[in-house]
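Take a look at the structure below.
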Amino acid sequence: MKKQENEVLEALPGDDMIEVLGARVHNLKNIDVRIPRDQLVVITGLSGSGKSSLAFDTIHAEGQRRYIETFNAYARQFLGGIERPDVDLITGLSPVIAIEQKTISRNPRSTVGTITEMYDLLRLLFARVADAFSYETGEPMVRYSDARIVDLIMEEHAGHEILVLAPMVRGRKGHYRELFEQFLRQGFLRARVDGTVVDLTTRPRLDRYSVHDIELVIDRLKVKEADRKRIAETCATAMKLGKGNLMVADLKTENVRYLSRHLMCPTTGIAYEEPEPNLFSFNSPYGACPKCSGLGEVTEVAPEKIVPDRRKSVKRGAIVPLGSYKSTWVFKQVEAVLASFGHDLDTPIEEMDDAVLVALLNGADEPLKVSSSIGLSDRKVQFEGIIPYILEQAEEGTKTAQKWAASFTHMVACPLCKGSRLKKTAMHFKLDGKNIHELATMSITDLHAFMDGLVPRLDEKKALIAKEAVKEITDRSKFMLDVGLEYLMLDRSARTLSGGEAQRIRLATQIGSDLTGVLYILDEPSIGLHQRDDQRLIGSLRTLRDGGNSVLVVEHDKEMMMSADHLIDIGPGAGEHGGRIVAQGHPATLAKGDSVTARYLRNELRIEVPKERRKGNGEQITLYGATGHNLKDVDLTLPLGKFICVTGVSGSGKSTLIGDTLYPILSKHFYRSDTYPLPFRKIEGLQHIDKVIEVDQSPIGRTPRSNPATYTGLFDHIRELYARLPSAKIRGYKAGRFSFNTVGGRCETCKGAGVRVIEMNFLPDVSVPCETCRGKRYDRETLEVRFKGKSIADALAMSVEEALEVFGDVPQIKLKLQTLVDVGLGYVTLGQSSTTVSGGEAQRIKLATELSKRDTGSTFYILDEPTTGLHFDDVKQLILVLDRLVEHGNTVLVIEHNMDIVKVADHVIDMGPEGGHGGGQIVARGTPEEVVMMGRGHTAPFLAKELA
C-alpha cells in the first residue's frame, strides 16, 4: 500500500504542495500525502476511513498549533494547549481556517444577523440616517438649533405675552417639596403644575399619590423684536434646566408649544435621545425590550398544564402542582376560595365557573377567612394564587424548584415588544419607511433587493453617509445568496440552524472577508442543500480558490467530487480497515480506478431502484391546516406501512412541517411531552400507530465519559456479563464494580477518566495517561477479571466488529453489536468519547439503539437527513436497514435531499416551490415515478435523471 502511495506522490510536481509525511492520527496508517495548493481539493472515502483524521485532526490541528505557538508564554496559558498531532512532518502549510458544522452557537441571543455582522451594520445605518417618528402620534420628530428656536418664538408669538417654561417632571408621582425649595433657592418664584401656574413662595402641597407634570417658569414677557436678546438668554436658561427641552405657553391663544435640541414630538413633547447603534441592539440595556430583556420571549404559565383533567376534583388532584389532598395550610386556603364561590374540595373542576378557576390560579381579590384545624381563631388571609407562586419559583427558587416550575410553563412571544426584542423608541426609527425589525424579518433575497436600491432613494446628505454601510450589507447578502441561504432571515435564532446552514453562513462570511493565501478546510458543506443549489455552492468554493486560497473539502457529494481540481480517496474500508490513500488525482482519472468510490463514480456500482413500490397497509395519518412559519395552510397525508421521503429545496418548510408540527403532535399524543406544535387545524389517524421515534443528529452525550457503549445500553450488558464470571463472583463483585463512573472498581487517581490533566502555569495544560492505571480507567483488581482473556478495559478499546467476535455468543450483547454493524458503524470503538462522534455517526448510533429494541410493527420513525457523512456504500447499507423496519410493518419518514434515498422511497412529498416566503406548499406527492411525471418543483428533473 505504501508503494502505491509513493507512486501517486511521484506523479505530482514538487512545487506548491502541502506535504504531510507519516500521519498516524487515529486510524491513519503512517501515510504520506501531497495536496496541491491554490486548488479545490476534495477528500472522500467510506465513513470512518480517516478523512476527518487527515483534514481536521492532522492538517488543521497542526496549523492551529503553529498559530498559537506564535503567542508569548503569558498569552498561551489563557488559551490552553493544543497537542502536536501524531505526524512526522508537515510542510507548505498556510494559515488554516476550519469551517466545521459543530461551531453553532446555543446562545438564545445569537441570530443570523449577529453571526454575519449584518445586523451590526444595520444598527449603524439606522443610528446615522434613519428618520424618527413619534410613538404617540406617528408624526415625524423634529429638532431645532438654539437660534432657530428663538426665531420660531419671534415669528409665531409676535406681540403675544408668553411663558417660557423648563420641563422638570413628566408623569411621575410625589409631593416634590424639596424640588420647590430648590427652585426658590435658585431665585425662581413660579412653576406650572398640571397646567396651572402656582406661586412657589406659598409652598404648594401636592398629592403624593397622584401623577404630576411640573414645569419651571423661567420668564414671562411680551414678544418684541427689541427683546430678542432677553428671549435668547431666557431660552438658554430653560434649555439648561430642561436638559435641552423647553415649552412656550402663549397666554393669548392658550396653546403650548414644545421645542427641543433633541428629537421631539411637536404635539406631545415626548423626546428621544440621540440615536446610537446600541439603541437598536437587543443585547444592550439601552435598546432591549424591558420586559423580555431582548429575548423576544417570556415565560408564561400554561393553565392546561396546571389543570390537565377538568373532570377531577381538587381533592383528587385536579391541580397538579398541589397534588392530591393533604391537611396543609395551602389546601385550607384553597378550600376557603372554593367556599366563597359555594363549592368544596369534592366538586369537579368542570362544574365550576371560570371565575372560580381564575381565583385559584391568579389569586383572590379579597382577603379570605381561613379556619384553623388546631382550635385557634379564624384568620384573614390574602390568597395569592398558584400561577404567581410558580412564576416566583421559576425566577428565584432553587435549581430543583426552577425545574419543577418549568414543567408548568412555556415560552410565548413577549406581549410588550411582540417578539421584536427592542424597546418602543427603537421601533419608531425608519429607513425608507421600514423599521429595523421589519428589515431583520425579511428573507435575505428581499433584504438584498431593498438594500440594492436604497442609496438613490435617500437625500444627498444621507446617501453620502449611508453609502459604505449599504454597500457592505449588499455584498454580504449577495454572498449568502450565493451559498443557497436566500430563505433565511437576520432575525432567525442561531439555535434553530442546522449544521449545514451554520457552516454555509461561516463560508459566506469568509468569502466576504477577502483573505488570500489561506488554507480553508470544510466538512461536508453540501449537507442540507438541494441538488439545485449544489452548483452555487461549488461556485462559492471556486471564488475562495480564485482569491488565492487553498480549499480542502471533506465531501461525499458526487457533483462536488467531479467538480474538484484534485480528488483524494481514503480507504479501502472503515476504522482499522481504512486509514490509507487508495487513490488521488484528477476526478476523471480517479474514476477509472478500481476503488469502491471510483466504481460508484462511473456507475459500475449503484443503488438500485426497487422493482416495485410497497402498497402500505391501507391506513393513513392526515394533518390539516399547518400554518407554522412559512407553511401556507398545508394538508399532509402520510400513507402508513411505507418508506416516505419528504424532500424540497432548502427553506421550503420540510423541518417546519415534520420536525416542528407533526413530531410534537405525535410526541404529545403518545408521551404527553411538553413540546408545543406549530399551528395546525386538526389531525386524524393517530389510532393506526402506537409510538413515534425521532432519530436526529443532536450529540449522544455532552461529556467525554459518554460513549457509544453507554448510550446504546450495551455497556450495561457487558458489565453484567463480567459480574457473572466465576472470578468476579469469588471476589463478590457486582456490575457496579465494572463502571468507570462510580467509586469501587475505577482508578481513583484519574477518577476513571484514563488521563490526568497536568497544569503547566505558563505552558499549555498537558493530558497524560494516568500513571496508576496507564489509561485503562480501572484498578488492578478489576482488570484481573477476564472474559476470553479480555479485561473490561480491553472491551472498551475494541471496535464494534472486534467486540462482535468476542461477545458473539451472548445474545443480548450480540443483538446490539449486530445493529451497530448493520448501520455501518463496525469501525467505531466502544469506548470512543461521544464528544468526538460526528453528527451522522450520532444519528446512526441512535438508530441502532432503536433497532435493537423490539418494534411493534406500528411504529412511526422520523429521520432528519440520515445520509449526512455517508459514502455511497454506507447509504446502500442504511437503505437496507430502513427497508427492514418497513418490512416489519412500521412506517419510516425521512427528510432528505440525497437522490439515492428519494429514488428508493415508496412515497415522495416534494415541498417548495422555492425557499422562505416562496415555499411552504406541497408541490408534488406520490411514488418517485409519479413525481417525475407531474414535473412540478425542482426535485423532479434530478429525480428523473436517477430513475433513468
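Note: hydrogens, waters and symmetry copies are ignored here, and every other heavy atom, side chains too, is used. All residue numbers in this chain count up from 1 along the given sequence.
Using a 4.5 Å heavy-atom cutoff, the side chains of L295 and C414 are not in contact. Using a 4.5 Å cut-off on side-chain heavy atoms (C-beta onward), L515 and I97 make contact. At a threshold of 4.5 Å between non-hydrogen side-chain atoms, the residues T656 and L678 count as touching. You'll find the side chain of T445 stays beyond 4.5 Å of the side chain of L447, heavy atoms only. I59 is listed as a side-chain neighbour of I521, based on a closest heavy-atom distance under 4.5 Å. C292 places none of its side-chain heavy atoms less than 4.5 Å from the side chain of L416. Between V551 and L519 the shortest side-chain heavy-atom distance does not fall below 4.5 Å. M141 is not listed as a side-chain neighbour of H262, based on a closest heavy-atom distance of 4.5 Å or more.
R261 places no side-chain N or O within donor-acceptor distance of the main-chain N or O of N245, the cut-off being under 3.5 Å. Although no hydrogens or angles enter the test, the distance criterion places no donor-acceptor pair under 3.5 Å between the side chain of K430 and the main chain of F133. Of the possible polar contacts, none joining the S110 side chain to the N107 backbone as a donor-acceptor pair under 3.5 Å is found. A distance-only check finds a donor-acceptor pair linking the side chain of T868 to the backbone of E865 [under 3.5 Å]. In this structure, the side chain of Q39 does not engage the main chain of A564 through any donor-acceptor pair within 3.5 Å. Within the 3.5 Å criterion, the main-chain N or O of S53 finds a donor-acceptor partner in the side chain of T58. Of the possible polar contacts, none joining the T661 side chain to the I658 backbone as a donor-acceptor pair under 3.5 Å is found. Judged by distance alone, with hydrogens and angles left aside, the side-chain atoms of S145 form a donor-acceptor pair with the main-chain N or O of R148 at under 3.5 Å.
Annotation: salt bridge (charged side-chain N to carboxylate O under 4.0 Å, His left out) contacts involving residues 290-300, sequence neighbours excluded, are absent. Among pairs with a residue in residues 480-494, those fulfilling salt bridge (charged side-chain N to carboxylate O under 4.0 Å, His left out) read K478-D482, E486-R532, E486-R536, R492-E501, at least two apart in sequence or across chains. Here side-chain hydrogen bond (donor to acceptor under 3.5 Å, both in side chains) pairs that include residues 265-275, with residues two or more places apart or in two chains, are E139-T267, R143-E274. The side-chain hydrogen bond (donor to acceptor under 3.5 Å, both in side chains) pairs that include a residue from residues 446-466 are D131-K462, D432-R457, S443-D446, H448-S477, where partners are two or more places apart or lie in different chains. Every pair passing salt bridge (charged side-chain N to carboxylate O under 4.0 Å, His left out) that includes a residue from residues 463-473 is listed here, sequence neighbours excluded: K471-D475, E472-R476.
Take D633 and apply the salt bridge (Lys or Arg N to Asp or Glu O under 4.0 Å) test, not counting sequence neighbours, and it matches R681. Applying the side chain to side chain donor-acceptor pair (under 3.5 Å) test to D38 and every residue at least two apart in sequence or in another chain returns nothing. The side chain to side chain donor-acceptor pair (under 3.5 Å) test applied to S94 returns R37, not counting sequence neighbours. Contacts of E276 classified as salt bridge (Lys or Arg N to Asp or Glu O under 4.0 Å), with partners at least two apart in sequence or in another chain: R128. Shown here are the side chain to side chain donor-acceptor pair (under 3.5 Å) partners of Y676, two or more places apart in sequence or in another chain: E304. Checked against side-chain contact (heavy atoms from CB on, under 4.5 Å), S652 has the following partners two or more places apart in sequence or in another chain: V649, K654, M911. The side-chain contact (heavy atoms from CB on, under 4.5 Å) check on A463 picks up V455, L458, with sequence neighbours excluded.
Neither side chain, E555 nor T44, offers a donor N or O lying under 3.5 Å from an acceptor on the other. Side chains of T867 and E896: a donor on one and an acceptor on the other come within 3.5 Å. Donor-acceptor pairing under 3.5 Å is lacking for the side chains of S526 and D557. A donor and an acceptor atom, one from each side chain of Q503 and E524, are nowhere located under 3.5 Å apart.
Aromatic ring pairs are classed by plane angle as parallel below 30°, tilted from 30° to 60° and perpendicular above 60°; the pair F126 and F280 is tilted.
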I would like to know whether V41 and S550 meet side chain to side chain contact (heavy atoms under 4.5 Å, CB included); could you show each step before the answer?
CA-CA 8 Å; V41 179; S550 307; over 6 Å; no
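Within a 6.0 Å radius of NZ in K243, other residues, nucleotides and ligands contribute 12 heavy atoms or fewer.
A salt bridge does not link D910 to R936: none of the charged nitrogens lies less than 4.0 Å from a carboxylate oxygen. Remark: R65 engages E62 in a salt bridge, criterion side-chain N to carboxylate O under 4.0 Å.
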